[in-house]
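Data block below; observations after.
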Amino acid sequence: MRRSLAGTLGHAWRMAVRDRDLLLAVAGVFLFLPLFALNLLVPPMPALVVSEGMTNAEQRLLAETIAQWVLAYGHWYGLAGLFTQFGQLAVLSLYLDRERPATGAALARSIRRLLVFLLASMIVGVPLTLGMWLVVLLIPALFLSGRLMLTGPVIVAERPIGPLQAIARGWRLTRGNGLVLAGMAAIPILGGLVAAPLLSLDRWLRLEGGGNPVAVTLVDAGAAAVAAAALLATTLIQVAAYRRLAR
């Protein structure tokens with residue numbers, strides 16, 4: 001694997017080119033549209049910024065504002081996350097299911113596997129989430145995310161298997177390749193960094209730019225497209241890496 005990083009990325013790229021129509025359809029519905037709807041219709045969460053000079057009353061007001069936002073809009077983020085997780089699982093099923101199902105069958109099987117996939121994803125996502133909140137832990141978090149990257153492919157390719165067993169199996173498969181896979185695990189972060197200026201532009205357009213609906217829609221669509229492309233790229237890389245390491 002260390003010597004075949006280019007080969008893994010090349011394998012993922014060939015799948016993307018060969019199956020672009022199918023992947024665009026699946027990713028468009030389950031990755032792009034939920035993210036686009038969030039960007040366009042749901043206001044961003046208030047910034048969690050606590051300064052030394054803030055009074056207790058100001059801190060309480062900030063906490064109440066964030067709590068109100070979570071109550072009002074948090075479920076929409078949860079729903080969008082459910083759709084994007086399902087989309088990634090569907091792509092994995094198209095490539096790694098032993099029976100090579102057609103698109104409809106892959107979607108149906110993804111529904112049956114979704115609970116296990118979600119449980120495993122929540123466990124696997126903890127390191128990267130901590131790394132994003134505590135920058136000092138970002139490198140260790142990326143390493144762990146790389147070591148856990150094959151959990152999803154294992155759930156699809158080696159079914160029936162539980163979430164903890166899939167995590168353990170993925171950990172064994174990635175032994176000796178943590179650094180290489182850590183770089184691949186950073187792709188969603190890079191997608192977020194590219195999308196961040198677009199989301200900042202969205203806020204500016206809404207507050208200072210007169211809220212031009214055409215401009216806001218185009219910017220939000222661009223940000224969603226970048227994030228969806230990063231998720232799809234990560235999923236295809238997972239497929240390619242699993243095929244190489246599970247031989």
Side-chain angles (χ1 to χ4, degrees), residues 11-42 74-125 128-129 145 148-159 161 163 166 170 184-192 194-195 198-199 220-243:
H11 185 176
W13 175 253
R14 287 191 295 274
M15 287 188 289
V17 172
R18 184 191 65 206
D19 305 323
R20 58 184 177 275
D21 292 338
L22 173 61
L23 292 172
L24 283 174
V26 174
V29 173
F30 296 107
L31 301 182
F32 170 77
L33 283 181
L35 296 173
F36 179 43
L38 277 185
N39 294 342
L40 190 63
L41 303 176
V42 179
H75 61 287
W76 293 114
Y77 274 80
L79 184 61
L82 182 64
F83 269 88
T84 56
Q85 290 282 300
F86 179 81
Q88 291 179 282
L89 179 57
V91 173
L92 292 174
S93 297
L94 286 168
Y95 287 102
L96 295 178
D97 190 293
R98 292 190 296 267
E99 297 179 15
R100 295 294 186 268
T103 305
L107 294 175
R109 294 181 184 189
S110 297
I111 294 174
R112 296 196 293 269
R113 298 173 186 153
L114 185 58
L115 180 58
V116 173
F117 188 77
L118 288 174
L119 290 173
S121 296
M122 285 189 287
I123 297 171
V124 169
L128 193 55
T129 301
S145 296
L148 299 172
M149 177 182 277
L150 299 188
T151 301
V154 168
I155 288 172
V156 173
E158 303 182 18
R159 62 179 177 86
I161 190 170
M184 298 180 185
I187 289 176
I189 297 177
L190 295 176
V194 174
L198 294 172
L199 295 175
D220 289 348
V226 169
L231 290 175
L232 179 59
T234 300
T235 307
L236 292 177
I237 287 171
Q238 288 175 331
V239 172
Y242 176 83
R243 286 176 171 174

Identify the heavy atoms of [X] and [Y] that sit nearest to each other, and give their distance.
X	Y	value
F86	S110	CE1-CB, 3.5 Å
G87	V26	O-CG1, 4.2 Å
A16	L236	CB-CD1, 3.7 Å
V239	L96	CG1-CD2, 4.0 Å
F83	P34	CB-CG, 3.5 Å
L38	A80	CD1-CB, 3.4 Å

Output the distance between atom [atom1] ([X]) and atom [atom2] ([Y]), rounded to the nearest 0.5 Å.
X	Y	atom1	atom2	result
T235	L94	OG1	CG	11.0 Å
I123	T151	CD1	OG1	9.0 Å
R14	D19	CZ	CG	12.0 Å
I237	L232	CD1	CG	10.0 Å
M15	L22	CE	CG	12.0 Å
Q85	L118	CD	CG	5.5 Å

Check: L92 and F117 side chains under 4.5 Å, non-hydrogen atoms
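F117 vs L92: side chains touch.
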
Do L198 and N39 have side-chain heavy atoms sitting under 4.5 Å apart?
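They are not in contact (no side-chain heavy atoms under 4.5 Å apart), so the answer is no.
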
Evaluation steps, side chain to side chain contact (heavy atoms under 4.5 Å, CB included), between L82 and L114:
CA-CA 9 Å; L82 182 64; L114 185 58; 3.8 Å; yes

Report the C-alpha separation of Q88 and L31 in whole Å, then their side-chain angles, then the decisive distance to 0.1 Å, and conclude whether the side chain to side chain contact (heavy atoms under 4.5 Å, CB included) test is met.
CA-CA 8 Å; Q88 291 179 282; L31 301 182; 4.2 Å; yes

Y95 and Q238: side chain donor to acceptor below 3.5 Å
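No, no side-chain donor-acceptor contact under 3.5 Å.
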
Test S93 against every option in R113, R109, R159 by the side chain to side chain donor-acceptor pair (under 3.5 Å) rule and name the one that passes.
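Of R113, R109, R159, side chain to side chain donor-acceptor pair (under 3.5 Å) with S93 is met by R113 alone.
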
R98 side chain vs A157 backbone, donor-acceptor pair below 3.5 Å
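Flag set: sc R98 to bb A157 pair under 3.5 Å.
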
Under 3.5 Å, side chain of R243 to main-chain N/O of A240, donor-acceptor pair present?
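It does not hold such a pair.
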
